[in-house]
Amino acid sequence: MTYERTIGDTILAVDQISLSFGGVRALSDISFSVRQHEVFAIIGPNGAGKSSMLNCINGFYHPQKGTITFKGKTRRQVRPSEAARDGIARTFQNIALFSGMSTLDNIMTGRNTKMNKGLFWQAIRLGPAEKEEMEHRAVVERVIDFLEIEAIRKTAVGTLPYGLQKRVELGRALAAEPDLLLLDEPMAGMNLEEKQDMCRFILDVNDEFGTTIVLIEHDMGVVMDISDRVVVLDYGKKLAEGTPDEVRTNQDVIDAYLGVSHGEDE
Amino acid sequence: MFYREAGQFKTSYKADQAIFTITQDKFFVGAFLVIAFGVVPFFIDDYWANAILIHVLVYALAGLGLNILTGYCGQVSLGTGGFMAVGAYASYKLTTSFPEMNFIIVLLLSGGVTACVGMFFGLPSLRIKGFYLAVATLAAQFFLVWLFNKVGWFFNYSPTGMIVSPPREVFGFLITGPEASPAVRYLFCLSVVTVFALAAKNIVRGRIGRSWMAIRDMDIAAELIGIRPLEAKLSAFAVSSFYVGVAGALYFNVWLGSAEPTEAFDIFQSFFVLFIVIIGGLGSILGSFLGAAFMVLVPITLKTIMVDGMGFAVGAAKHVEVMLLGALIIFFLIVEPHGLARLWQILKEKLRRWPFPY
């Protein structure tokens, strides 16, 4: 990371979060904090509770215990749509685009919370609603430009290849101009080149827009390279938290997840 | 050869998001409107107005309403007939209670009443989806028709239980009642439908339309990007019911003139409008018109050919019609779920490249 960045105060604090589904403890007493402008990674083996953690942060799951403080507002349960309005955007492990709509419309939906002209003006369209629409279109065009997806603007997203769909999904999240961006395995199933592109976009977003990023990723090379700090989960418990170097050398983490590169004992 | 956008450049987002972006399209639509408004009224007679044109227009409006709900927001409804009845009875009560009220105001208020009723029956959509929602709206259909049959206040205690539209004028022209001329009634319906279609197009390509489509395509993701499901679904029910209510009011006042709920607004109305939407194209404004024209014209054409041309019995023609419609619906569901509107779009794509496809 060569460019200058100023890591700010805590933007998101997760405090003693516990979540269980019936008898299964998905998360137990997890606490960590994410600072403004940081790239923060959550790693761990399958079923460790990483996605559940993200789902708690943006209100899709409601933890039984613990609080989440975002931008100074402490809460335990929040509706997903309210979390989105507060400035939390996310992408999904399995792509969750609106398959019947074009790329442009998909990204425009990301701006929906920022638009406020009512039904009446929408129906007339001429005048205020059209002006608003054009302003937001301009913002969306900047996102399209940034992600280099100009050519597929009018294509229905259902017909796009996987890598592009992932990019459109990122675009939809970016269009909301979030303060906190949650990325759930943004590079899953991508080849090396696509991964490089995606890394570049993530770093650029963080750099240009100053967006705080929390990401889940299994590619350790990527995680260790781009993140400022890492938290490691295993079976719903927190194993470690710290800079990539600290985490890499933590014995618990090596045992549970990373393993040893050329093992003496297996 | 003549239909292509080569050389037509757009220099603003406004031009890029216009309804008809291609000059030829603008020309054809303009010509179509000129003929519909300026030429047809001079040649229209009672048969054409009642059997075909007003018939198509009223059902196109109802189809637009259902398309907003089912095609754009993905909520299945089988209550269209019931909601049309709400519009019809609301207009009847309003226009008989306040004879001086302008009929356009009556239409809009009837739409408003239907929108409220529609929102009420849309409440289950917040909990249930798909087939189960269809069943819940079916309850609306049966309940509403029963209500209008049972409670005398709705039909002003007329002994037959029928409602009869009193003669009303708009801008000095008589538009309802047996004395109204077919040209005026046609023009009135055409104007209402044109304005409503334009408004629908504007809504579905703006913020609210996108929130409906987002709910349709993936409701969980829609909620996670900040769309409130309550707001989106109920607004779809409201707008859809408004359209259906206005269609019901036109259907009763301008087209039928008198109505009796069990017959005019039964479950077959709901299915008829649903077929219009499916055959015309789910999620397409144009599709509602194509579907309505199709559903109205196929029986008439069949009857003309089979009964008048080939001398079959009326009953036989009716049976063929039912079989043919059933087959067509299955055909469309399998081959082209996006209906006639999609076929039209494919045709235009082909036309753009014709005669040199490469």
Side-chain angles (χ1 to χ4, degrees), chain A residues 55 58-60 79-92 95-101 104-106 108-126 129-138 140-141 153-154 157-158 169 172-173 175-176 178 182, chain B residues 10 12-19 21 68 71-74 108 115 195-232 234-236 238-239 242-243 281-284 337-338 342 345:
Chain A
N55 284 340
N58 77 340
F60 188 56
R79 285 173 177 281
S81 56
E82 299 313 314
R85 278 156 206 267
D86 279 350
I88 301 178
R90 76 171 288 182
T91 66
F92 299 84
I95 294 169
L97 286 169
F98 307 126
S99 51
M101 300 158 74
L104 181 64
D105 279 342
N106 263 280
M108 283 294 277
T109 50
R111 305 282 313 163
N112 257 26
T113 54
K114 313 237 176 237
M115 299 169 81
N116 54 23
K117 290 286 173 286
L119 186 65
F120 177 72
W121 290 112
Q122 298 271 333
I124 296 176
R125 190 166 172 107
L126 294 173
E130 187 163 53
K131 186 160 159 280
E132 184 184 50
E133 182 95 358
M134 294 310 129
E135 283 165 15
H136 290 281
R137 172 82 193 263
V140 166
E141 286 294 333
R153 205 185 264 129
K154 298 262 165 109
V157 290
E169 202 187 12
R172 187 180 67 189
L182 310 175
Chain B
K10 297 159 205 144
S12 68
Y13 294 139
K14 195 170 159 177
D16 190 44
Q17 289 182 347
I19 301 178
T21 46
I68 284 171
Y72 284 96
C73 198
L108 294 179
V195 170
F196 275 75
L198 185 65
K201 183 72 192 172
N202 284 341
I203 293 171
V204 298
R205 66 200 174 119
R207 168 180 70 94
I208 295 171
R210 280 193 298 269
S211 68
W212 293 340
M213 290 187 278
I215 290 281
R216 172 194 69 189
D217 285 346
M218 195 168 278
D219 50 357
I220 291 172
E223 194 178 356
L224 291 175
I225 63 167
I227 292 166
R228 297 189 183 102
L230 175 95
E231 212 176 281
L234 286 191
S235 66
V239 174
F242 186 91
Y243 274 66
L282 285 164
S284 159
H338 295 101
R342 177 78 190 133
Q345 209 182 343

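Both backbone and side-chain heavy atoms feed into the values below; hydrogens, waters and symmetry mates do not. Not measured: the values here are computed from a predicted model. Lettering of chains follows the sequences in order, A, B, ..., and the numbering in each one begins at 1.
Across every non-hydrogen atom of A:Ile95 and A:Glu169, the tightest pair is CA-OE1, 4.0 Å. Smallest separation of non-hydrogen atoms from B:Arg207 and A:Glu133: N-OE1, 4.2 Å. Considering all non-hydrogen atoms of both residues, A:Pro178 and A:Ala173 come closest at CD-O, 3.4 Å. Scanning both residues, B:Ile208 and A:Gly118, for their nearest heavy atoms gives CD1-C, 4.3 Å. Contact record, B:Asn202 with A:Ile124: ND2-O, 3.4 Å, taken as the closest heavy-atom pair. Residues A:Phe98 and B:Ala221 share a closest heavy-atom pair of CE2-CB, 4.1 Å.
The contact between A:Thr109 and chain B is made by backbone and side chain atoms together, counting heavy-atom distances below 4.5 Å. For B:Arg205, the parts sitting under 4.5 Å from any heavy atom of chain A are the backbone and the side chain alike. Using a 4.5 Å cut-off between heavy atoms, A:Leu119 touches chain B through backbone and side chain atoms alike. Contact annotation for A:Asn116: only backbone heavy atoms (N, CA, C, O) come within less than 4.5 Å of a heavy atom of chain B. Of the two parts of B:Ile215, neither the backbone nor the side chain holds a non-hydrogen atom closer than 4.5 Å to a non-hydrogen atom of chain A. There is no contact between A:Arg111 and chain B, counting heavy-atom distances below 4.5 Å. Neither the backbone nor the side chain of B:Val204 comes within contact range of chain A, judged by heavy atoms closer than 4.5 Å. For A:Lys154, the part lying under 4.5 angstrom from a heavy atom of chain B is the side chain only. Of the two parts of B:Ala238, neither the backbone nor the side chain holds a non-hydrogen atom closer than 4.5 Å to a non-hydrogen atom of chain A. With a threshold of 4.5 angstrom between heavy atoms, A:Glu132 does not approach chain B through any atom at all.
The aromatic rings of B:Phe242 and B:Phe196 sit parallel, their planes meeting at an angle under 30°, below the 60° perpendicular limit.
When atom types are taken as modelled, the side chain of A:Arg172 and the backbone of A:Gly110 share no donor-acceptor pair closer than 3.5 angstrom.
Here A:Ala138 is the residue among A:Gly59, A:Ala129, A:Ala138, A:Ala83 with the most heavy-atom pairs under 4.5 Å with chain B. Considering only heavy-atom pairs separated by less than 4.5 Å from chain A, the leading option among B:Lys14, B:Arg216, B:Met213, B:Lys201 is B:Lys14. Interface summary for chain B: among A:Ser99, A:Ala123, A:Ala84, the most heavy-atom pairs under 4.5 angstrom belong to A:Ala123. Of the listed residues B:Ser235, B:Ala200, B:Ala222, the one with more heavy-atom pairs under 4.5 angstrom with chain A than any other is B:Ala222. Contacts with chain A were tallied for B:Ile227, B:Val195, B:Leu198; B:Ile227 has the most, counting heavy-atom pairs under 4.5 Å.
Inspection of the B:Arg228 and A:Asn112 side chains reveals no N or O donor paired with an N or O acceptor under 3.5 Å.
Residues B:Leu224 and A:Phe92 are in side-chain contact: their nearest non-hydrogen atoms beyond the backbone lie under 4.5 Å apart.
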